[in-house]
Protein chains: 2
Amino acid sequence: MDTNTTSNEYVRGTLKTIVLNLLAEQKRMYGYEITQEVKERTSGAIALTFGALYPVLHKLEQEGLLVTESVEVDGRLRKYYSLTTPGSEAARTKTDDLERFVDAIRLLLAPKGLATE
Amino acid sequence: MDTNTTSNEYVRGTLKTIVLNLLAEQKRMYGYEITQEVKERTSGAIALTFGALYPVLHKLEQEGLLVTESVEVDGRLRKYYSLTTPGSEAARTKTDDLERFVDAIRLLLAPKGLATE
DNA sequence: CAAATATATATAAGTTTTTTATATATGCAA
DNA sequence: TTGCATATATAAAAAACTTATATATATTTG
């Protein structure tokens with residue numbers, strides 16, 4: 001029922017980091033699971049689309065940051081993704097960068113002259 | 001000297017909102033001024049590129065959210081941008097959306113299970 | 001039983017956005 | 001006079017994203 005999803009335009013650029021960060025936490029996830037987890041954790045504010053997610057997963061795999069293992073569950077194929085060593089490193093770096101970016105955005109959104117806290 | 005600029009990939013998608021929000025605050029700014037203000041307010045964390053900024057400014061103008069007035073200062077042309085009424089409305093909406101997005105990102109980056117504060 | 005919904009992955013076409021490179025032009029400092 | 005800061009702008013190319021679509025099973029609903 002699409003609770004209160006924002007237009008998603010802001011996800012641009014952060015998708016890779018979101019994926020890496022979740023995998024750093026959960027060890028092993030499949031695509032569908034990632035979309036559900038993001039939706040749940042953000043109360044529907046961020047809804048990843050498959051058309052964006054899968055290409056990113058494939059690209060991260062190509063870059064050697066992720067590895068996959070396919071498992072059949074109830075007759076359906078489920079493809080688990082997990083971080084490689086360079087993937088864990090990238091997750092740390094990118095998460096830090098995103099945190100800094102988010103802080104910077106808040107500086108911009110806060111009316112000039114107001115203290116940060 | 002490029003203090004500590006993040007790779008800028010996160011600016012993707014937020015550029016329009018950053019511009020609208022600054023103009024809502026400052027009433028009237030020119031392109032170069034916008035890049036300087038953003039750099040300053042974020043201590044160099046966010047550095048806008050002209051190749052991205054100008055197309056966005058032109059597009060917002062086309063959409064009727066901004067109007068321009070050209071002023072000659074010291075023999076140089078300076079093009080001031082300011083919000084129209086629909087532009088002010090868009091600034092509010094988009095700023096709110098971005099705030100909600102930023103909050104959602106923090107939920108994702110915070111390790112699962114930890115309280116929001 | 002049929003239809004809809006949830007689960008699950010994936011690609012292709014088209015559009016939008018962004019990066020990178022480039023052009024133009026003035027004022028000031030070294 | 002060379003370089004840097006100021007100032008705007010466009011074009012070509014690359015990257016990213018949206019939208020639409022295909023496939024397939026299990027479960028729920030009418």
Side-chain angles (χ1 to χ4, degrees), chain A residues 1-3 5-20 28-40 44 46-63 66-81 94 98 101, chain B residues 1-3 5-20 28-40 44 46-63 66-82 94 101:
Chain A
M1 209 127 264
D2 202 290
T3 326
T5 310
T6 60
S7 63
N8 252 17
E9 63 176 297
Y10 299 123
V11 177
R12 280 170 176 294
T14 60
L15 183 49
K16 218 177 243 186
T17 306
I18 289 172
V19 169
L20 289 172
R28 178 176 118 144
M29 297 178 91
Y30 51 100
Y32 187 80
E33 189 184 13
I34 293 174
T35 65
Q36 299 309 301
E37 178 76 14
V38 167
K39 200 191 284 180
E40 207 183 291
I46 300 179
L48 305 184
T49 58
F50 299 115
L53 178 62
Y54 286 116
V56 162
L57 286 171
H58 300 329
K59 207 187 168 195
L60 290 173
E61 191 184 359
Q62 262 182 260
E63 288 170 0
L66 303 182
V67 284
T68 59
E69 57 183 310
S70 290
V71 179
E72 206 189 295
V73 180
D74 295 319
R76 289 193 214 93
L77 193 73
R78 195 179 274 181
K79 206 164 162 183
Y80 280 101
Y81 293 87
K94 287 192 154 288
L98 184 51
F101 176 75
Chain B
M1 208 128 266
D2 203 291
T3 326
T5 310
T6 59
S7 62
N8 252 18
E9 64 177 297
Y10 299 124
V11 178
R12 280 167 178 296
T14 59
L15 183 49
K16 218 177 243 187
T17 306
I18 289 173
V19 169
L20 289 173
R28 177 175 118 145
M29 295 179 92
Y30 51 99
Y32 186 81
E33 189 184 11
I34 293 173
T35 65
Q36 299 308 302
E37 178 76 13
V38 167
K39 201 192 283 178
E40 206 182 292
I46 299 180
L48 306 183
T49 58
F50 298 115
L53 178 61
Y54 285 117
V56 162
L57 286 173
H58 300 329
K59 208 189 168 196
L60 290 173
E61 191 185 359
Q62 263 182 260
E63 289 170 358
L66 302 182
V67 283
T68 59
E69 56 183 311
S70 291
V71 178
E72 207 189 296
V73 180
D74 295 319
R76 289 193 215 93
L77 194 73
R78 195 179 272 180
K79 206 163 161 184
Y80 281 101
Y81 294 87
S82 49
K94 288 193 152 287
F101 176 75

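Proteins come first, then strands; the chains are lettered A, B, ... in the order of their sequence lines, and each starts at number 1.
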Does some side-chain heavy atom of B/I46 sit less than 4.5 Å from a side-chain heavy atom of B/T14?
no

Ignoring backbone atoms, test whether B/H58 places a side-chain nitrogen or oxygen under 4.0 Å from the OP1 or OP2 oxygen of D/dT8.
no

How many Å lie between CG on A/L48 and P on D/dA16, as a whole number?
16 Å

Categorize A/G51 for me: base, sugar-phosphate, or nothing, with a 4.0 angstrom heavy-atom threshold over every strand shown.
base

Rounded to whole Å, please give me the gap between CG in A/L60 and C1' in D/dA16.
13 Å

Rounded distance in Å - CD (B/E69) to C1' (D/dT8):
16 Å

So does A/R78 get a side-chain nitrogen or oxygen closer than 4.0 Å to the phosphate oxygens (OP1/OP2) of C/dA8?
yes

Run the salt bridge (Lys or Arg N to Asp or Glu O under 4.0 Å) test against B/E63 and tell me which residues pass, sequence neighbours left out.
B/K16, B/K59

Grab the CD-P distance between A/E61 and C/dT11 for me, whole Å please.
11 Å

Pick the nucleotide of DNA chain D nearest each of B/L57 and B/Q36; which residue has the one closer to the 5' end?
B/Q36

Side chain proximity check, B/Y30 to B/E69, heavy atoms < 4.5 angstrom
no

What's the NZ-C1' distance between B/K59 and D/dA9, to the nearest Å?
18 Å

Write down the distance between CG (B/L15) and P (D/dA15), rounded to a whole number of angstrom.
20 Å

Distance test, side-chain N/O of B/Y54 to OP1/OP2 of D/dT8, below 4.0 Å:
yes

B/T17 side chain near A/Y10 side chain, heavy-atom distance below 4.5 Å:
yes

Close side-chain approach of B/M29 and B/Q36, heavy atoms under 4.5 Å
no

B/E72 CD to C/dT26 C1', in whole Å, measures 11 Å

Does A/Y30 put a side-chain nitrogen or oxygen below 4.0 Å from OP1 or OP2 of C/dA8?
yes

Nearest heavy atom decides the nucleotide; on that basis, is A/Y81 or A/Y32 closer to the 5' end of DNA chain C?
A/Y32

What is the distance, rounded to the nearest whole Å, between atom CZ of B/F50 and atom P of C/dA21?
16 Å

Is A/Y80 touching bases, backbone alone, or none of the nucleic acid, heavy atoms closer than 4.0 Å?
nothing

